[in-house]
There are 2 protein chains.
Amino acid sequence: MAVLAILEAKPMTGYELAKFFDHSIAHIWQASHSQIYPELKKLEREGLIEAKQQARGNLATKSVYAVMPAGGDELERWANQVVPPLHERSPELLKVMYQEWASYQVAEQQFEAHRVYYLQLYVKWAAHAEDLRLGNTDLMRHRLKDASAEASAAVLAYKVHVYEGLLERAQMEIDWATKGIALVERLLAEAGTPPGHRAASPSSARRR
Amino acid sequence: MAVLAILEAKPMTGYELAKFFDHSIAHIWQASHSQIYPELKKLEREGLIEAKQQARGNLATKSVYAVMPAGGDELERWANQVVPPLHERSPELLKVMYQEWASYQVAEQQFEAHRVYYLQLYVKWAAHAEDLRLGNTDLMRHRLKDASAEASAAVLAYKVHVYEGLLERAQMEIDWATKGIALVERLLAEAGTPPGHRAASPSSARRR
DNA sequence: CTACGCATGTAACTAGTTACATGATTCA
DNA sequence: TGAATCATGTAACTAGTTACATGCGTAG
């Protein structure tokens, strides 16, 4: 569905799609080229998209895929079904849950990595949200060029809303990680390490 | 690793593990019995856990799995590696991104489902966090019964921190969905429907 | 004696990752 | 002429889901 939705805005080659999944939409949905190429073939077999051969250079050609009417119908059908939100699996939260097995140092590093990760995402997402608002993205220009003002408003508004949610999420994650670091510091202090003495991990108390 | 961590707190049968994955840990990690049983066999082959046959009734037996020393080492090794946080795929956000293809009604239902989902999670998580804090869970009692006060503090503190994060997350999602509903209402109003006239989906403007 | 919970599996399938491969084009 | 980028694939593998199956124990 992500492939269909993107191609609907602008016909593309598999390569361009892969690039696109790498930046713009990357943090909502990802796909590698090894997944995209077979998927394109499948969508073509189902009559939802169509490949047009385009020359590149003298010898080579490339396949530019565009959405067919049946593909538009499929998109609309999909969009009009409510999906139940679901619980993601989080390898990271799982680890934090059992962080008493780790040294204080590693526990702190884990939170720090979390903080840095979402700080970077915050910046990236904020920039992308701004581009969206200004209609600055390639795809938005294509998507909106022959839409009514009213329709454009909706197209934009939903996407901006998604990014606002992502930004709040990032902020929340940053706060959580910061509190996590403080927690580790507190535990470390409470462990009552005498000066000049390196604290052992709490898990080592368990072993013996 | 989830299986190892749980079994370390208390030896269990595959069935009990499956139950456990259904409630307590369910929103951090899930696993169905059809995944658990083969996994237990695999962990046993690797020497990380060991099955003890226990009678149940007269004829039947059951396998209770317990963590072996090698399993403890493996847990410690795992916990002491920082995992890079990662970008989940979100089918729901993907749909909201392209919600201009849906009717206003479905768009609103999607946000409403999101709100209700996280409201329920909020209640469930809050209850579980409270149980954790009071040491009210079965597993916590086992886990802590022969630990030092200091070690217990860490065991508890990390888990509580995870649940506090989940609660903030749920709150954030509820707010986001509520704003989403308001957004749909606004778009609907701006679409300028005359009284007594049913609004078409914005996507239908695109088609033709 | 019946229903519900305990207990344990397998099979078929879908999705996704990582690695292996290849070749043309374009720009410095 | 070499490196970066465009372009397109396949193979092997891991994880996870859904559905199919079976049978004992226990309480009412």
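To find a chain, count down the sequence lines: A is the first, B the second, and so on, and within it residues start at 1. On a predicted model such as this, the values are computed, not experimentally measured, just so you know.
Recorded end-axis angle for the helix from C:dC1-D:dG28 to C:dA28-D:dT1 stands at 20°, based on five pairs per end and rounded to 10 degrees.
Using a 4.5 Å heavy-atom cutoff, the side chains of B:Leu40 and B:Leu7 are in contact. Side chains of B:Glu88 and A:Arg89 form no contact here, defined as non-hydrogen atoms less than 4.5 Å apart. Counting heavy atoms from C-beta outward, A:Pro91 and B:Trp29 have side chains that approach closer than 4.5 Å. Counting heavy atoms from C-beta on, the side chains of A:Glu39 and A:Leu43 come closer than 4.5 Å. Put simply, the side chain of A:Leu94 reaches to within 4.5 Å of the side chain of B:Ile25, judged on heavy atoms.
Sorted by first then second residue, the salt bridge (Lys or Arg N to Asp or Glu O under 4.0 Å) pairs that include residues 103-125 of chain A, not counting sequence neighbours, are A:Glu112-A:Arg115. Applying the salt bridge (Lys or Arg N to Asp or Glu O under 4.0 Å) test to residues at least two apart or on different chains, the pairs with a partner in residues 157-166 of chain B are A:Glu100-B:Lys159, B:Arg133-B:Glu164. Note on residues 41-52 of chain A: no pairs pass side chain to side chain donor-acceptor pair (under 3.5 Å), not counting sequence neighbours.
Scored by the salt bridge (charged side-chain N to carboxylate O under 4.0 Å, His left out) test, A:Glu92 finds no partners at all (sequence neighbours excluded). In terms of the ring pair (Phe, Tyr, Trp, His ring centres under 6.0 Å) criterion, residue partners of A:Phe20 (sequence neighbours excluded) are, by chain and number, A:His23. For A:Arg56, there are no salt bridge (charged side-chain N to carboxylate O under 4.0 Å, His left out) partners two or more places apart in sequence or in a different chain. Taking A:Phe111 as the reference, A:Trp176, B:His161 meet the ring pair (Phe, Tyr, Trp, His ring centres under 6.0 Å) condition, with sequence neighbours excluded.
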### Task
Would you please test B:Tyr65 and B:Glu16 for side-chain contact (heavy atoms from CB on, under 4.5 Å) and show each step?
CA-CA 10 Å; B:Tyr65 291 91; B:Glu16 288 173 298; over 6 Å; no
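Of the two residues near DNA chain C, A:Glu39 and A:Asn58, the one whose nearest nucleotide lies more 5' is A:Glu39.
Within residues 30-37 of chain A, the residues having any heavy atom closer than 4.0 Å to DNA chain C are, in order of number, A:Ser32, A:Ser34, A:Gln35. In the region residues 88-97 of chain A, proximity to DNA chain C at under 4.0 angstrom, judged on heavy atoms, holds for none of the residues.
Ring geometry, A:Tyr118 versus A:His114: the interplanar angle falls from 30° to 60°, so the pair is classed tilted. In this structure, B:Tyr117 and B:His27 have perpendicular ring planes: the angle between them is above 60°, well past the 30° mark.
In 5' to 3' order, the nucleotides of DNA chain D bounding all contacts with chain A (an atom under 4.0 Å from a heavy atom) are D:dT5 to D:dT17.
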Sub-3.5 Å pairs of nitrogen or oxygen atoms, protein against nucleotides 3-6 of chain C:
| unit_1 | atom_1 | unit_2 | atom_2 | d |
| --- | --- | --- | --- | --- |
| C:dC6 | OP2 | B:Tyr15 | OH | 2.9 |

